[in-house]
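In what follows, a single structure is set out as structure tokens and then discussed.
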Amino acid sequence: MNPAASTPVDADTTVIDPVEPVTQEIAPVPVDPAEGTNEDEGTHRAFRPGPIGRTARTFAWLLLVWFVLAVPANVMSPFDLGVADVGAATEAVIFAIIALSLNILLGYAGQISLGHQAFVGLGAFTSAYVVVDLKLSFWFALAVAAGMGALQAGLLGAVSLRLTGLYFALVTLAYGKFTEETLLGITALTGGEGGKSAPRPAGFDTEIRYYLLCLGFLALVLFLDWRLTRSKAGRALQALRENQRVASSYGINVNAYILLAFATSGLFAGLAGALLAHHEEVIVGSKFDFRLALLFVLMTVVGGLRSRSGVVIGAAFFALLGSGKLLEMLDRPLGVVGFNLTSFIEDSIGLPAEFVALVIGPILLLLTITMYPGGIGQQVAPIREWLLWRRFDPHAGKVEDVEVNDVRA
Amino acid sequence: MNDLPQELAIAMTAGVLRGSVYALVALGIVLVYRASGVFNFAQAEFGTTALFAAYAAVELWGWNYLQGFLFGMAAGVAMGLLTERLVIHPLRNASKVTLLVGTAGVALAAIGLQFWLFNETLIMSLRKIHDGFYVTPWGAPVTTQSLITVGVLAVVAIALALFFRSPSGLAIQAAQQEPVASELIGVSVRRVSMLTWGIAAALGALAGILTGPMTTFTAAFLSFGAFAALLPGFMAAVLAGMRSMPGAVAGGLVVGCVEQLGSLSLVSDTVPGTGAAILFVFLLAVLLVRPQGIFVSRAVAA
């Protein structure tokens with residue numbers, strides 16, 4: 001995780017940004033080794049939920065696990081909530097990985113990427129190529145796709161060292177266009193109009209098993225992301241996002257950490273691309289166009305930069321809304337009271353279900369950046385705190401923590 | 001099929017005709033950047049919105065062409081003013097990247113609206129102002145519509161140059177360079193900002209309504225649809241150092257020609273999607289080698 005460990009960053013970052021890391025670093029008051037969750041938020045340390053609180057939290061966790069594991073599989077699911085469509089849920093999980101990948105650049109490093117669909121797309125075709133044409137194993141293909149993503153992102157990251165924010169945004173935009181039309185236009189690699197087949201690995205060929213596989217990878221990415229933010233590299237990124245010049249004056253190797261952020265982001269995006277390819281089983285190059293890149297930015301920003309829970313919820317929301325499954329899911333319970341949301345939107349408002357995301361998404365985006373910069377992450381922060389065995393704090397998720405930030409513009 | 005010089009001449013003609021649209025878009029981008037320091041991703045969408053309004057008026061409601069044209073212009077300008085009021089002004093203290101995401105949101109909202117309101121019609125077309133079609137001595141096809149676009153670009157460029165010598169134009173320049181001092185001597189910075197966004201939106205609207213009849217169109221036509229002018233427009237603006245208006249015109253024409261190099265059979269037979277590849281390499285080269293732009297006039301660059 002730390003190729004640039006040569007610089008003595010650890011002690012310095014705590015000096016630069018005394019807001020949070022200080023409490024993490026120099027105030028390690030050892031309390032409750034049994035509850036491993038409270039590494040920060042010193043004010044909550046003394047708090048322990050009572051018996052009712054513990055039961056409620058355990059119950060909420062079980063509910064959450066049931067929702068994620070059982071509902072898509074339609075096991076013990078009221079109203080057929082899962083609609084027996086695991087595919088939509090799988091897509092939501094893959095989109096969550098992509099959003100987390102974009103969150104590293106946009107949220108942690110303060111760099112915008114409008115070409116993320118290129119990392120995902122090349123990852124998808126690389127994996128398909130390795131499995132179908134080279135006849136190598138699925139797991140090896142995943143690794144190659146992730147490496148491919150890291151390589152591309154690393155190269156673009158190298159460009160970003162020379163160009164500041166807005167100009168770099170243009171480069172990523174042009175790179176996405178270039179990948180879409182030129183690289184994904186190579187018929188030998190992508191199979192042209194008909195697309196390229198990407199079979200699922202043995203043992204994961206059913207929808208539900210593949211869903212669980214993707215869920216496993218999401219958990220892995222979440223874990224790595226969590227470790228990244230808690231590591232020396234995470235604090236270095238935070239410092240250089242605030243002010244690169246100050247950060248470098250404290251001995252942080254700015255270039256190395258920016259490259260690290262790009263490579264990690266590309267790694268996740270490439271992995272997500274490979275998962276997407278084998279999820280769809282046949283992939284077409286024209287899927288990875290600029291609108292997809294904007295959708296990624298949309299779901300990350302609306303989800304709430306730097307909030308893992310928010311980003312995952314935002315991605316799942318837009319994925320399910322885009323595939324029309326969210327409305328279908330809402331229609332089951334609403335059907336009990338004789339209301340059908342889909343037909344209401346389609347007939348009374350005259351908006352076809354497949355365009356709902358296109359209309360609602362930008363409105364949510366504009367509302368988020370003008371009025372609620374913390375996005376969904378800020379809204380769910382109190383619940384998140386509560387679930388992590390802390391006090392329910394309505395003021396959790398302060399705005400200044402999560403504002404869209406750039407130091408390179 | 002042809003010999004190379006002739007093919008090159010045909011490609012350059014097409015490049016200039018296409019480039020004049022890029023130049024119109026680039027002028028709007030430069031104007032907005034100078035006023036608000038924003039990379040306006042909605043610039044091309046002002047054009048698509050205007051085009052859709054003109055299409056609705058002329059083809060669906062049966063207005064005459066001039067009325068439809070003016071209605072389209074009004075729709076484009078209204079969208080520009082609304083963007084300034086609802087997104088740019090509330091975010092004036094936010095970071096530049098936030099503003100960029102905001103304008104991208106505006107573009108997406110407009111695209112969503114186009115899908116919503118026009119989803120019954122799959123492919124739309126607006127009739128041309130004049131149906132003329134010529135072939136130049138070296139064999140390049142030219143339509144009256146594209147000649148009109150070049151003419152409009154010339155008129156607009158001259159008008160803008162004159163405008164920036166008028167009191168309103170000087171007020172815009174003053175407000176950009178010294179907002180506080182301009183307020184002190186009685187220039188309303190808010191009104192100036194509205195004025196700039198209005199003019200920029202009008203430029204985008206012109207590009208949209210003039211380009212639409214050249215081909216059929218769908219939602220997001222001018223941003224990344226059949227006539228994607230957003231990225232080339234930005235490249236033209238970058239060539240102009242994001243500041244020079246004459247530079248934006250020159251940049252637009254150059255980008256149009258460079259892009260057309262990809263259509264030469266020598267290149268297009270070997271690499272797919274050559275236009276995009278050439279533009280990417282070109283942008284990267286310009287930004288890395290000469291980030292301050294190429295067509296930068298000294299007076300404006302200050």
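Everything quoted here is computed from the prediction, not taken from an experiment. Both backbone and side-chain heavy atoms feed into the values below; hydrogens, waters and symmetry mates do not.
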Are side-chain heavy atoms of [X] and [Y] found at a separation under 4.5 Å?
X: B:Val101; Y: A:Leu298; result: no
X: A:Leu173; Y: B:Phe41; result: yes
X: B:Leu287; Y: A:Val159; result: no

Exercise for the section: Kindly compute the distance separating OG1 (B:Thr98) from CD1 (A:Ile112), expressed to the nearest 0.5 Å. Expected result: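 These two atoms lie 8.5 Å from each other.
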
Check each atom of [X] against the heavy atoms of chain B and say whether the ones under 4.5 Å are side chain, backbone, both or neither.
X: A:Leu364; result: neither
X: A:Leu170; result: both
X: A:Leu184; result: neither
X: A:Leu365; result: side chain

Closest approach of [X] to [Y] (non-hydrogen atoms, all atoms of both residues):
X: B:Gly105; Y: A:Pro362; value: O-CB, 3.5 Å
X: B:Ala104; Y: A:Leu294; value: CB-CD2, 4.1 Å
X: B:Tyr33; Y: A:Leu166; value: CE1-CD1, 4.3 Å
X: A:Leu366; Y: B:Gly102; value: CD2-O, 3.4 Å
X: A:Val359; Y: B:Gly112; value: CG2-O, 3.7 Å
X: A:Glu181; Y: B:Ala276; value: OE1-CB, 3.4 Å

Which atoms of [X] approach chain A - backbone, side chain, both or neither, heavy atom under 4.5 Å:
X: B:Leu86; answer: backbone
X: B:Leu283; answer: side chain
X: B:Leu284; answer: side chain

Practice task
List the steps, then state whether side chain to side chain contact (heavy atoms under 4.5 Å, CB included) holds for A:Leu163 with B:Leu288.
Solution key: CA-CA 8 Å; A:Leu163 296 173; B:Leu288 289 178; 4.3 Å; yes

Practice task
Give the ring-plane orientation class for B:Phe39 versus A:Tyr167, where under 30° counts as parallel, over 60° as perpendicular and anything between as tilted.
Solution key: perpendicular

Problem - Crowding at CZ, A:Phe317 (>12 non-hydrogen neighbours, <6.0 Å) - result: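 For A:Phe317, atom CZ is crowded (more than 12 foreign heavy atoms under 6.0 Å).
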
Practice task
Please test B:Leu279 against A:Lys177 for side chain to side chain contact (heavy atoms under 4.5 Å, CB included), starting from the C-alpha separation and ending with a verdict.
Solution key: CA-CA 9 Å; B:Leu279 284 187; A:Lys177 198 84 192 138; over 6 Å; no

